[in-house]
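A quick write-up on the structure given underneath.
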2 protein chains.
Amino acid sequence: MVKITDVARHAGVSPSTVSYALSGKRPITEDTRRRIEESIRELGYRPHAGARALASSRSNVIALVIPLRTGVHVPVVMQFAASVVTAARRYDHDVLLLTQEEGDEGLRRVADTSLADALIVMDVQLHDTRLPLLRTLDRPSVLIGFPADPSGLTCIDLDFRAAGGACVDHLAEKGHRTIALIGSPPAVYARETGFAQRVAQGFTAAADGHGLSSSVHPCDPTPAAAKELAGRLLRTHPDLTGLVIHNEPLVRPLTEAFQAMGLRIPQDLALTAICPDETAEQAPVPVTSVAVPAEEVGAKSVELLMRKLEHVPVPQSTLIPPLLTQRASS
Amino acid sequence: MVKITDVARHAGVSPSTVSYALSGKRPITEDTRRRIEESIRELGYRPHAGARALASSRSNVIALVIPLRTGVHVPVVMQFAASVVTAARRYDHDVLLLTQEEGDEGLRRVADTSLADALIVMDVQLHDTRLPLLRTLDRPSVLIGFPADPSGLTCIDLDFRAAGGACVDHLAEKGHRTIALIGSPPAVYARETGFAQRVAQGFTAAADGHGLSSSVHPCDPTPAAAKELAGRLLRTHPDLTGLVIHNEPLVRPLTEAFQAMGLRIPQDLALTAICPDETAEQAPVPVTSVAVPAEEVGAKSVELLMRKLEHVPVPQSTLIPPLLTQRASS
DNA sequence: TTGAAAGCGCTAACAC
DNA sequence: GTGTTAGCGCTTTCAA
């Protein structure tokens with residue numbers, strides 16, 4: 001194995017000079033730097049990660065905790081993870097993958113052993129059990145999602161409130177006067193990630209702002225529930241012409257249910273959804289939608305983390321503005 | 001930070017004894033071990049990962065390279081990654097996530113810097129450009145998928161040949177006499193992962209073995225192509241009563257196309273597929289299918305890698321036998 | 001602008 | 001069964 005002393009000898013300098021040439025932490029004469037770089041290339045030198053971590057107390061690794069529970073749309077998680085890896089590499093960092101399953105112990109382990117310098121935690125729940133730990137851990141972290149009390153933490157996510165509003169704005173603009181939100185299962189509103197409430201708030205506020213009649217309907221994510229709800233909606237809200245769906249598995253069944261009842265989309269009923277682009281595109285009628293910008297959230301998370309590692313202050317909350325993509329359903 | 005010398009002092013032993021108590025690499029008196037464990041707990045000691053890696057030349061990290069290209073079913077990749085992480089933890093290892101994009105350089109980097117002890121590479125192509133590197137790297141690796149020449153490598157995957165055969169066996173058992181394989185796009189047969197050919201071989205061999213008439217039909221993964229092919233099949237193969245679909249995006253469109261042409265499934269046409277369970281379950285008629293056992297492949301990959309790290313010989317090829325799940329389509 | 005040298009915290013001979 | 005100690009390869013003071 002080639003080590004820094006080999007490079008130093010080959011370039012006719014001291015090991016520290018090689019180290020500084022590599023880190024840029026002190027000025028090096030152009031000529032010296034060139035010689036060092038040449039030696040590195042010639043010898044194929046690669047600094048030993050462990051030795052580096054030990055001497056500098058920086059592993060250049062960030063840990064990423066991904067959720068595995070059902071109900072989280074898997075492709076979005078992947079997209080996010082990929083974007084974290086890509087962004088991390090831009091800062092010369094690598095990504096260690098942890099699963100939710102490991103819980104607090106996993107976080108503590110990678111932090112306490114100095115395996116990771118910092119943490120990104122996905123799928124943060126309103127009353128996430130990991131919050132106290134994350135607050136006391138001596139390593140910076142960024143949470144994807146907003147807990148009930150984000151104090152002392154750094155959080156980022158799509159602005160779900162604004163997303164709900166954006167769908168309503170779009171429907172209002174198209175002239176709809178009576179709209180409904182089809183939301184997450186009742187259970188989700190009570191606990192979990194909190195974005196369900198935020199969408200509903202944004203939806204209602206925007207509807208009120210536009211002077212529209214609106215109603216909110218939690219729904220279980222099953223085709224049967226979709227069918228039942230579709231029928232009920234038409235009966236109880238005969239004026240209904242616009243819908244916001246915030247329940248990924250229901251996009252297709254709902255569309256099919258309404259079509260089966262003879263409604264044409266978008267002529268009789270306009271659909272909008274908050275769901276992955278993939279889902280929106282593959283629906284029977286491609287649905288106008290707002291997606292979680294996984295790529296952007298991932299990249300921004302890493303940026304926030306890097307700033308925190310440099311002790312640059314960062315905002316406690318980062319809300320990514322929604323981007324609505326119009327499709328055939330409206 | 002609590003270090004091993006602190007623990008040693010607290011327990012009244014030498015640092016090496018603590019180290020050996022932790023690693024189990026030499027016998028320790030029951031009483032000493034108890035005192036050490038108590039000190040560790042009391043002081044909250046966690047060995048520094050970098051220091052460990054430096055002293056032992058083992059990072060206890062394995063690198064996992066995941067594909068991001070389209071055409072790879074994302075949930076399967078996630079399932080696989082999760083199972084690798086879980087299995088790795090059982091061996092006290094962590095997983096570093098790399099993306100295909102980084103290419104050779106990523107592999108070389110984590111190997112040469114001793115960041116990772118070993119590598120798992122997913123989505124290996126027939127003539128994968130990384131093969132020469134993986135052969136010469138001084139770190140053990142396991143490939144998911146089989147290249148054209150697997151010599152000097154350790155590969156694992158579903159036995160696609162047997163999977164093709166299993167679908168045919170199932171159809172033969174149900175009394176079908178004329179069957180067809182709807183395969184990957186023509187381009188895939190020429191290059192890429194090679195499982196397309198293997199499925200076709202297994203399909204044809206089994207059909208011949210059962211004395212069935214069979215035909216193979218590559219198809220582009222678009223609903224239009226599905227519709228066209230469905231029509232053509234009925235025209236050119238009027239006796240056709242059984243199908244094997246090995247083209248994930250086509251499962252739904254094909255089913256819909258046949259239904260639209262008035263065929264009842266399974267009465268007029270029996271369907272089987274090689275696709276993720278998720279796809280099979282969500283089809284208009286749930287499809288009898290063979291899935292890539294991502295969980296098992298992930299766990300086995302890690303096991304193979306761990307054996308290689310201990311210099312225990314492992315088989316060059318590991319083929320996971322297919323498991324067919326019968327559903328409504330047959 | 002560069003060099004010398006003291007660690008970083010741990011493991012694994014080697015010695016007893 | 002346990003202790004002593006020399007590194008592992010790098011970074012970073014301190015000194016020049």
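Order of the sequence lines fixes the chain letters, A, B, ..., with proteins taken first and strands second; residue numbering starts at 1 for each chain.
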Nearest-angstrom distance from the residue atom CG of D112(B) to C1' of dG9(D): 15 Å
When you measure from every atom of DNA chain C, which of residues 3-15 of chain B have a heavy atom less than 4.0 Å away? K3(B), I4(B)
Give the minimum heavy-atom separation between P322(A) and L158(A), together with the two atoms involved. CA-CD1, 3.8 Å
Under 4.5 Å between any side-chain heavy atoms of R109(A) and R89(B), yes or no? yes
Just checking E295(B): does its CD atom have more than 12 heavy atoms from other residues, nucleotides or ligands closer to it than 6.0 angstrom? no
Any luck finding a side-chain donor-acceptor pair between T154(A) and K308(A) under 3.5 Å? yes
For a side-chain contact (heavy atoms from CB on, under 4.5 Å) with L119(A), tell me which candidate from L134(A), V65(A), L143(A) qualifies. L134(A)
Will you find, in the side chains of D149(A) and S151(A), an N or O donor that is under 3.5 Å from an N or O acceptor? yes
Hey, can you pull the residues of residues 16-45 of chain B with a non-hydrogen atom under 4.0 angstrom from DNA chain C? S16(B), S19(B), Y20(B), K25(B), R26(B), Y45(B)
Separation of dC10(D) atom P from L54(A) atom CG, nearest Å, is 12 Å
Please name the residue in the list V13(B), I40(B), L22(B) that meets the side-chain contact (heavy atoms from CB on, under 4.5 Å) test with V7(B). I40(B)
d(CE, M1(B); C1', dG9(C)) in whole Å: 7 Å
Would you please confirm or rule out a distance under 4.0 Å between OP1 or OP2 of dG9(C) and any side-chain N or O of R52(B)? no
R46(B) and S114(A) side chains, donor-acceptor separation under 3.5 Å: no
